[in-house]
Amino acid sequence: GMNRKETEDYISHHLQVAGGQPGIFTETAVDRIYRDTQGIPRRINNRCRAALLDAYTKDRRIIEEANIQRVLADFAVDAELAD
């Protein structure tokens, strides 16, 4: 997987390619994503997509650690149900 800085750059690049604004994920949000995904791109994409949807449903323009916590909780439940 990628390191922390590469993960942040990866997220910013994907946001730019999609026409979004880089920097909408706070430092603490990126930290949580990195720790959870270990820098694995597919996991990063899944967490970021879910966090963007979570923020949208709450009418937020910045992805904060709280968004990531909710997303990670949902992923944990999904994994538990799959077992």
Side-chain angles (χ1 to χ4, degrees):
M2 296 179 273
N3 66 34
R4 166 61 175 78
K5 175 68 171 129
E6 291 168 333
T7 298
E8 182 175 12
D9 292 344
Y10 179 82
I11 292 168
S12 292
H13 173 74
H14 277 261
L15 285 168
Q16 284 180 311
V17 168
Q21 296 295 318
I24 64 170
F25 283 78
T26 64
E27 291 292 320
T28 56
V30 174
D31 288 342
R32 286 297 299 260
I33 291 168
Y34 173 68
R35 284 195 315 264
D36 181 67
T37 65
Q38 300 173 0
I40 297 171
R42 183 177 180 158
R43 291 180 183 171
I44 295 167
N45 294 344
N46 290 338
R47 274 52 169 190
C48 288
R49 186 178 311 113
L52 288 164
L53 182 59
D54 182 76
Y56 174 78
T57 62
K58 299 193 178 349
D59 200 28
R60 300 286 198 182
R61 297 189 185 278
I62 301 294
I63 312 301
E64 299 175 333
E65 187 174 6
N67 300 103
I68 304 304
Q69 287 174 321
R70 282 189 292 274
V71 164
L72 296 181
D74 287 346
F75 275 93
V77 168
D78 290 346
E80 206 172 283
L81 292 174
D83 287 338

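Along the sequence shown, residues are numbered consecutively beginning with 1. Only heavy atoms go into these numbers, but all of them, side chains included; no hydrogens, no water, no symmetry mates.
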Inset, instruction - Can you measure from CD (Q69) to CZ (R32) and round to the nearest 0.5 angstrom? - result: 5.0 Å
Legend entry - Donor-acceptor side-chain pairing of N46 and R49 below 3.5 angstrom: yes
Inset, instruction - Supply the atom-to-atom distance N45 CG to I11 CD1, rounded to the nearest 0.5 angstrom. - result: 9.0 Å
Inset, instruction - May I ask you to test the L52-I24 pair for a side-chain heavy-atom distance under 4.5 Å? - result: yes
Inset, instruction - Hey, could you give me the CZ/CG distance between R47 and D54, rounded to the nearest 0.5 Å? - result: 14.0 Å
Legend entry - Separation of F25 CZ from T7 OG1 (nearest 0.5 Å): 12.0 Å
Inset, instruction - Decide whether I44 and Y34 are clustered together by the hydrophobic rule: side chain heavy atoms of Ile, Leu, Val, Met, Phe, Trp, Tyr closer than 4.5 Å, transitively. - result: no
Legend entry - Nearest non-hydrogen partners of I63 and A55, listed with the distance: CD1-CB, 3.3 Å
Legend entry - CZ-OG1 distance between R43 and T37, expressed to the nearest 0.5 angstrom: 7.5 Å
Legend entry - Contact summary for I68 and A51, nearest pair of heavy atoms: CD1-CB, 3.6 Å
Inset, instruction - Of all the heavy-atom pairs spanning Q21 and L15, show the shortest one and how long it is. - result: O-CD1, 3.7 Å
Legend entry - Validation row: Y56, N67 side chains within 4.5 angstrom (heavy atoms): no
Legend entry - Closest non-hydrogen atom pair, M2 against E6: CA-OE1, 3.3 Å
Legend entry - Residue pair S12 / G23: nearest heavy atoms and the distance that separates them: OG-N, 4.4 Å
Inset, instruction - Taking the side chain as every heavy atom from C-beta outward, state whether R4 and D31 have any atom pair closer than 4.5 Å. - result: yes
Inset, instruction - May I ask you to say whether R70 pairs ionically with E64, meaning some side-chain N is under 4.0 Å from a carboxylate O? - result: no
Legend entry - Gap separating the CD1 atom of I33 from the CD atom of Q38, nearest 0.5 angstrom: 14.0 Å
